[in-house]
Number of protein chains: 2
Amino acid sequence: MDVRTICLGILTRGDATGYEIKKSFEEDGYQHFVEASFGSIYPALNRLTEEGLVSVREEAQEKRPDRKVYSITKAGRQALVAALMKPLPEDKHRSPFVFAMLFSHLLPPGRVTALIDAYIAYGEAKLAQSAQPKTKPQTAGERFVTGLGRAIYLTMLDYLRTHRAEIEGPAAEAAE
Amino acid sequence: MDVRTICLGILTRGDATGYEIKKSFEEDGYQHFVEASFGSIYPALNRLTEEGLVSVREEAQEKRPDRKVYSITKAGRQALVAALMKPLPEDKHRSPFVFAMLFSHLLPPGRVTALIDAYIAYGEAKLAQSAQPKTKPQTAGERFVTGLGRAIYLTMLDYLRTHRAEIEGPAAEAAE
DNA sequence: CCCAATATACATCGGGGCTATATATAAGCC
DNA sequence: GGCTTATATATAGCCCCGATGTATATTGGG
């Protein structure tokens, strides 16, 4: 799923600036599974404009850069649906944490414990965030995705807590 | 986690060619969460060789390209541990399937059903593969990671099956 | 028995995307 | 008063992935 398609999708929810598109990845519904950086969003929006899939209106602001507010066009909506009708690329998951766990036997026990603690804290923060959404999910799709994300985080946290002793050294266990 | 570090990690399990490193991502233990393409592995191995983190021996073969068998050096092991002691980059998950589900209301009901069916089949295949590993997990880390992967896939499959009706149209339900 | 598919093996190019950086200002906090 | 955070756009450089190219051997189906 390239960044251009992702931008089109977000713009179906309403007009937005590049900055707001980026922010929406951190919000509820789009929380997990999707993200993109400024370095790809701004070029993507330029190309979408050239291709007529989005339109821009510049709103001048006092002593700030102009806001460039993008709207999806009819052609843009068609392009989005067309992209979703084609065979989807496979998921991609890269987890440096999990990679590190594969080599826990090469690390000092304290490091392994610290990594697991940090990862659990991160998961709990994500869960808390999705439990109290800033904007409630509007569509059935958003509710479905939010629920899936929560289910996966709950499973992951439970697994980490019940199995961490297997990779933490005996020293770590004694220290608890 | 850049590809160079990933290559170092895999080489701690034993010497390997670039081809074998790539294969190991599809295997048990390294199944999910980690992968890299030839287009990054071969350049990475060249650079690691220049930096003295791995060594190469070329094994000539009859009527085939020479095997370039890489071994990790002491400096390489130190570099791996050093990388794992630094703050880890955050996980990255990109799921075109989940993205598509966010826009299920824009798609024909049949398409949504087909996507969910395909995704369930994919998850089941992954689960079956990890249930019958080619090479049994050697370290506690590998067992831990394999178990985590299985737990997440099980949760995901259960969620899809119990919640799919929420985003499949009434027409799709009637057709079943 | 032949052909297609799969596996072994290395390598590169083009394009796409991320990180870091640059620029500018306002608001809130310590 | 200065630091951090938030708003807002933009680009250069590097990293990485996908596709493709080059060879050959084996295996399974028709």
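First the proteins, then the strands, lettered A, B, ... as listed; each starts at 1. Bear in mind that the values here come from a model prediction, so they are computed numbers and not experimental data. Excluded from the calculations below are hydrogen atoms, water molecules and symmetry mates; all remaining heavy atoms, backbone and side chain alike, are included.
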*Asks:* I need the CZ-P distance between F38(B) and dC13(C), as an integer number of Å.
*Replies:*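 Nearest whole value for this atom pair: 18 Å.
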*Asks:* Salt bridge check, R13(A) against E142(A): does any charged N sit closer than 4.0 Å to a carboxylate O?
*Replies:*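 Yes.
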*Asks:* Counting side-chain heavy atoms from C-beta on, which of dC17(D), dT12(C), dT9(D) comes nearest to V3(B)?
*Replies:*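 Nucleotide nearest to V3(B)'s side chain: dC17(D).
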*Asks:* Using a heavy-atom cut-off of under 4.0 Å over every strand shown, decide if S37(A) touches base, sugar-phosphate, or nothing.
*Replies:*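 Base contact.
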*Asks:* Rounded to the Å, how far apart are I41(B) CD1 and dG18(D) P?
*Replies:*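 In whole Å, dG18(D) P and I41(B) CD1 are 11 Å from each other.
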*Asks:* Among dC18(C), dG16(C), dA9(C), which nucleotide sits nearest the side chain of R47(A)?
*Replies:*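 So the nucleotide nearest the side chain must be dG16(C).
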*Asks:* Nearest whole Å is fine: how far is dC10(C) C1' from E59(B) CD?
*Replies:*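 In whole Å, dC10(C) C1' lies 15 Å from E59(B) CD.
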*Asks:* Determine the interplanar angle of the Y19(B) and F38(B) rings, folded into 0 to 90°, and report it as parallel if under 30°, tilted if 30 to 60°, perpendicular if over 60°.
*Replies:*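 The rings of Y19(B) and F38(B) lie parallel, inter-plane angle below 30°.
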*Asks:* Using OP1 and OP2 only, check whether a side-chain N or O of R94(A) sits under 4.0 Å from dC17(D).
*Replies:*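 Yes, because at least one side-chain N or O of R94(A) sits under 4.0 Å from OP1 or OP2 of dC17(D).
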*Asks:* Could you check whether A44(A) gets within reach of a base, just the sugar-phosphate, or nothing at all, counting any heavy atom under 4.0 Å?
*Replies:*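 A44(A): no heavy atom of the nucleic acid under 4.0 Å.
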*Asks:* In terms of side-chain geometry, is the basic nitrogen of R164(B) or D117(B) positioned less than 4.0 Å from the acidic oxygen of its partner?
*Replies:*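 Yes.
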*Asks:* Rounded to the nearest Å, what distance is computed from the CZ atom of residue R67(B) to the P atom of nucleotide dT24(D)?
*Replies:*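 After rounding, the gap between these two atoms is 18 Å.
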*Asks:* Output the rounded distance in Å from NZ (K92(A)) to C1' (dG16(C)).
*Replies:*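 About 11 Å, once rounded to whole Å.
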*Asks:* Quick check on dT9(D): is either OP1 or OP2 less than 4.0 Å from any side-chain nitrogen or oxygen of T17(A)?
*Replies:*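 For dT9(D), OP1/OP2 do have a side-chain N/O of T17(A) under 4.0 Å.
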*Asks:* Using a cut-off of 4.0 Å on non-hydrogen atoms, how would the nucleic acid contact of R4(A) be classed: base, sugar-phosphate, or nothing?
*Replies:*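 Touches nothing.
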*Asks:* Looking for any heavy atom pair under 4.0 Å, which part of the strands does E35(B) touch: base, sugar-phosphate only, or nothing?
*Replies:*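 The residue E35(B) makes sugar-phosphate contact but no base contact.
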*Asks:* Taking the basic N atoms (NZ, or NE/NH1/NH2) and the acidic carboxylate oxygens, is any pair closer than 4.0 Å for E27(B) and K23(B)?
*Replies:*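 A salt bridge is absent here (no side-chain N lies under 4.0 Å from a carboxylate O).
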*Asks:* What I want to find out is whether R161(B) reaches E124(B) closely enough, with some N-O distance under 4.0 Å, to be called a salt bridge.
*Replies:*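 Salt bridge flag = yes for E124(B) with R161(B).
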*Asks:* dA9(C) P sits how many Å from R57(B) CZ, rounded?
*Replies:*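 Distance, rounded to whole Å: 13 Å.
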*Asks:* Taking E90(A) first and then R94(B), would you say they form a salt bridge - that is, a charged N and a carboxylate O separated by under 4.0 Å?
*Replies:*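 Result for this pair is no, no salt bridge flagged.
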*Asks:* Can you measure K22(B) atom NZ to dA11(C) atom P for me and round it to whole angstrom units?
*Replies:*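 From K22(B) NZ to dA11(C) P: 16 Å.
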*Asks:* Using a heavy-atom cut-off of under 4.0 Å over every strand shown, decide if K23(B) touches base, sugar-phosphate, or nothing.
*Replies:*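 If one applies the 4.0 Å heavy-atom cut-off, K23(B) turns out to touch the sugar-phosphate alone, with no base involved.
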*Asks:* Under 4.0 Å, counting only non-hydrogen atoms across every strand here, what does G18(B) touch: a base, just sugar-phosphate, or nothing?
*Replies:*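 Result for G18(B) = sugar-phosphate.
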*Asks:* Please confirm whether the shortest side-chain N or O distance from Y42(B) to OP1 or OP2 of dC10(C) is below 4.0 Å.
*Replies:*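 Yes, such a contact exists.
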*Asks:* Between E58(B) (CD) and dA9(C) (C1'), how many Å, whole number?
*Replies:*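 Going from CD in E58(B) over to C1' in dA9(C) covers 12 Å.
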*Asks:* Of the nucleotides dA10(D), dA11(C), dG17(C), which one has an atom closest to the side chain of K68(A)?
*Replies:*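 Comparing dA10(D), dA11(C), dG17(C) against the side chain of K68(A), the answer is dA10(D).
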*Asks:* Considering just the side-chain nitrogens and oxygens of Y19(A), establish if one lies under 4.0 Å of OP1 or OP2 belonging to dT7(D).
*Replies:*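 Indeed, a polar side-chain atom of Y19(A) lies that close.
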